[in-house]
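Let me begin by presenting the structure, written as structure tokens, before commenting on it.
Numbering of residues begins at 1 and proceeds along the displayed sequence. Note that ligands are numbered from 1 as they come in the structure, with each ligand's atoms numbered from 1 the same way.
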Amino acid sequence: MKILIVSDTHGRHQALDRALEEAGKIDMFIHLGDVEGGEDYLEAVVECEKHIIRGNNDFFTELPREEEFEIGPYHAFITHGHYYYVSMGMETIIEEGRSRGADLVMFGHTHRPFFLQKDGMTILNPGSLSFPRQEGRRGSYMIMEVNGDGKLSFEQKYL
Ligand SMILES: [Mn+2]
């Protein structure tokens, strides 16, 4: 199972189109917020199962604030991250993920890729496709795969 994880497209679709093209056939699409009006576009271009949540810049939207669902044998918790002060550090979001029994915690908001595996939990941020802030400032996304044995692999990608 191949999953494309993106965030913070802020209404710009050029980088998103590239990520979708590079990723090829995917089984699940996850957008971690700050879609900014891109919902209809995503609805039109992404055909597989989608999980899209609201960011701090998504004002007029019916997107959910956050979501919990299963990916294979894993419990995923996805949130934009600003409710858990992710710009200040990971303590609060890790605690929240723990209290929800999450194996996978995914967030955006900082526009910087992040990856940490701690006490059996994976905490990740794919960075921003449209407005990257990390050094080098290349739009970024993540590919996650779950193989038949339920093994996870993660690949941070840069445009
Ligand atoms: Mn943002």
Determine all donor-acceptor pairs shorter than 3.5 Å in which one atom belongs to a side chain in residues 16-24; sequence neighbours excluded.
unit_1, atom_1, unit_2, atom_2, d
Asp17, OD1, Tyr41, OH, 2.4
Asp17, OD2, Tyr41, OH, 2.9
Glu22, OE1, Tyr141, OH, 2.4

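Here His111 reaches the Mn ion (ligand 1): one of its N/O/S atoms is less than 2.8 Å from the metal. The Mn ion (ligand 1) has no N, O or S atom of His80 closer than 2.8 Å.
For Asp8, the N/O/S atom at the shortest distance from the Mn ion (ligand 1) is named OD1. When you scan the N, O or S atoms of Asp34 for the one nearest the Mn ion (ligand 1), you land on OD2.
Using cut-offs of 30° and 60° for the angle between ring planes, the His82 and His109 rings count as tilted. The aromatic rings of Phe131 and His10 sit perpendicular to each other, their planes meeting at more than 60°, with 30° as the lower class boundary.
Aromatic pair Phe154/Phe115: centroids less than 6.0 angstrom apart.
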